[in-house]
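Since the structure comes first, as structure tokens, the remarks are kept for the end.
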Amino acid sequence: MRVNQLHPWPTSAEEAEAIQERLRLHVELTGPTEFTLVAGLDVHYHGDDDVAAAVVVLSTTAPAPAPASSVTDDRAGSVAGRVAGGLVVVEQVVVRGKARFPYVPGLFAFRELPALVEALERLTVTPDLLVCDGYGLAHPRGFGLACHLGVLTGLPAIGVGKTHFVGTHDTPAPARGAWTPIDLNGSTVGRALRTQQDVKPVYVSQGHRITLDTACAEVLRLSPYHRLPEPIRKADHLARHGDL
DNA sequence: GCGACAG
DNA sequence: ATCTTGTCGC
């Protein structure tokens, strides 16, 4: 797929923050409510600056089979292209590269962006939705990785974080689907969402062209058996074992 | 001033 | 993120 050209690469934290402040004005908080081709993105690190970026595109048309009694058999994937939840792998790409920015909370996107963009450009299909490993709106300047990728591609994007980052929130009820708002300076920037009963919640925030309601509904739909959405689990697996 | 701080 | 041992559960 085609991705907008990367802006001039920042050489300092100040420049990186200025880019975020500028691009944040392009974020849209409404968009489609249904998606068929969903891409999961993740990056794996080797040593200090070697990275492997993975993108896995799943077709989500088939209905998710009932969890029933078979939670143990398909955890490692299974028959050709089939993934848990009735999802099917349409395409996958891995790109090895170097991290071109130090890790700084709030500027995390600049570490993974170049490799992820290259991986997206190698895709022959264009996804309807990007599910990113990290935050979107729930960010100190309201422009996390999911927003950045959304704006560069023009695609709807969701950020799914595994740990608390910004704002405050109450603990959601233990049931799958339960959630509480994440508040930052008096406004809601995301939700702590329980994707499995009695399992730690994930932190969902809008990236681009999607509402918070739709983002959470998608994360739930894409997480039939595990804490994390299948596209991200698949991308994570590919980034670390896929290409060696 | 001190601690916290996506991956 | 990654570095690790041990422990628990299916």
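Per chain, numbering begins at 1; letters A, B, ... match sequence-line order.
By the 30° and 60° cut-offs, the orientation of the rings of A/His169 relative to A/His164 is tilted. Classified by interplanar angle (parallel below 30°, tilted 30° to 60°, perpendicular above 60°), the ring pair A/Phe110/A/Phe101 is tilted.
Atom CG in A/Asp236 sits roughly 17 Å away from atom P in B/dA6 (whole-Å rounding). In this structure, A/Tyr225 places its OH atom 17 Å from C1' of C/dC10, rounding to the nearest Å. As a whole-Å value, the separation of A/Leu149 CG from B/dA6 P is 18 Å. Rounded to an integer number of Å, the gap from CG of A/Leu184 to P of B/dA4 is 19 Å. Between A/Leu145 atom CG and B/dA6 atom C1' there is a gap of 9 Å when expressed in whole angstrom units.
At B/dA4, none of the side-chain N or O atoms of A/His164 fall inside 4.0 Å of OP1 or OP2 (strictly under the cut-off). Put simply, A/Tyr103 has a side-chain N or O that comes within less than 4.0 Å of OP1 or OP2 on B/dA6. Residue A/Thr163 has a polar side-chain atom (N or O) positioned under 4.0 Å from OP1 or OP2 of B/dG7.
Heavy atoms of A/Leu41 sit nowhere under 4.0 angstrom from any nucleic acid atom.
For A/Phe165 and B/dA6, the ring-to-base geometry satisfies the stacking test (centroid distance below 5.5 Å, interplanar angle below 30°).
A salt bridge between A/Asp50 and A/Lys98 is present, with a side-chain N of the basic residue lying under 4.0 Å from a carboxylate O of the acidic one.
Side chain of A/His44, nearest nucleotide from B/dA6, C/dA1, C/dT2: C/dT2.
Here the two rings, on A/His7 and A/His148, have centers that are under 6.0 Å apart.
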